[in-house]
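Taking it in order: structure first as structure tokens, then the write-up.
Heavy-atom basis, side chains included; hydrogens, waters and symmetry copies ignored. All residue numbers in this chain count up from 1 along the given sequence.
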Amino acid sequence: MNFITPKNTDLLLEEAEKEALYLKLIEQINKDFNLANEGIDFPKSISPEELKIQMHEKVYRMIQYKFAEYLNLLYIIDVSEDQIKKLDGSDLVVLAENVAFLILKREWQKVWFRNKY
């Protein structure tokens, strides 16, 4: 089975739940944020909707107040620089939402591949 990139956050989280990998996704996110010294500790009980909201808020705050840490986080998670550069930065709220999706997408990829191979 090939890895198919989900089109948006909701579909990604739905897919993670379907594959019973949602908890692993949360663990991966927590692990990488902590590696970047951005202590985040999403509880395993967090709903996909709440995860989406909190990720968006976290990224938004980092872009606004901790830009160097934000760049470091993207580096540690290994989000494609090209994909980030393609985003429209004129609206910070939208930008943060798109970046949160790219982070989730990359984390999901890691979890998915580790599970399959």
Is there side-chain contact between Leu51 and Met55, with heavy atoms separated by less than 4.5 Å?
yes
Taken in chain and number order and not counting sequence neighbours, the residues that satisfy side chain to side chain contact (heavy atoms under 4.5 Å, CB included) with Ser45 are Pro43
Of all residues at least two apart in sequence or in a different chain, which pass the salt bridge (charged side-chain N to carboxylate O under 4.0 Å, His left out) check with Lys105?
none
Those residues that, when tested against Asn34, pass side chain to side chain contact (heavy atoms under 4.5 Å, CB included) (two or more places apart):
Asn30
Can you measure from CD (Gln28) to CG (Leu104) and round to the nearest 0.5 angstrom?
11.5 Å
Which pairs would a plain distance check flag for residues 87-103, meaning a side-chain donor or acceptor within less than 3.5 Å of a matching protein atom at least two apart in sequence or in another chain?
residue	atom	partner	partner atom	Å
Asp88	OD1	Ser90	N	2.9
Asp88	OD1	Ser90	OG	2.9
Asp88	OD2	Ser90	OG	3.0
Asp91	OD1	Val93	N	2.9
Asp91	OD1	Val94	N	3.4
Asn98	ND2	Val94	O	3.3

Glu81 atom CD, over 12 foreign heavy atoms within 6.0 Å
no
Using side-chain hydrogen bond (donor to acceptor under 3.5 Å, both in side chains) as the criterion, list what pairs up with Asp10, not counting sequence neighbours.
Lys52
Rounded to the nearest 0.5 Å, how far does CG of Leu21 lie from NZ of Lys116?
7.0 Å
Out of Asn115, Asp78, Asp32, which one pairs with Lys110 under the side chain to side chain donor-acceptor pair (under 3.5 Å) rule?
Asp32
Going by ring pair (Phe, Tyr, Trp, His ring centres under 6.0 Å), name the residues that satisfy it together with Phe33, two or more places apart in sequence or in a different chain.
none
Report yes or no: do Phe67 and Leu73 belong to one cluster of Ile/Leu/Val/Met/Phe/Trp/Tyr joined by side chain heavy-atom distances under 4.5 Å?
yes
Please identify each residue that fulfils side chain to side chain contact (heavy atoms under 4.5 Å, CB included) with Lys44, with sequence neighbours left out.
Leu23, Glu27
Would you give the length of the straight line joining atom CD1 of Ile26 to atom CD1 of Ile40, rounded to the nearest 0.5 angstrom?
11.0 Å
Who are the salt bridge (charged side-chain N to carboxylate O under 4.0 Å, His left out) partners of Lys18, not counting sequence neighbours?
Glu15
Of all pairs that satisfy ring pair (Phe, Tyr, Trp, His ring centres under 6.0 Å), the ones with a partner from residues 37-64, not counting sequence neighbours
none
Mind checking what makes salt bridge (charged side-chain N to carboxylate O under 4.0 Å, His left out) contact with Lys31, not counting sequence neighbours?
none
Counterpart residues, salt bridge (charged side-chain N to carboxylate O under 4.0 Å, His left out), relative to Lys24 (two or more places apart)
none
Among residues at least two apart in sequence or on other chains, which ones pass ring pair (Phe, Tyr, Trp, His ring centres under 6.0 Å) with Phe113?
Phe3, Tyr117
For side-chain contact (heavy atoms from CB on, under 4.5 Å), just list the numbers for Trp108 and Thr9, CA-CA rounded to whole Å, side-chain angles, deciding distance to a tenth of an Å, and then say yes or no.
CA-CA 10 Å; Trp108 169 235; Thr9 303; over 6 Å; no
side-chain contact (heavy atoms from CB on, under 4.5 Å) evaluation trace for Glu38 with Arg61:
CA-CA 11 Å; Glu38 267 317 305; Arg61 283 196 301 272; over 6 Å; no
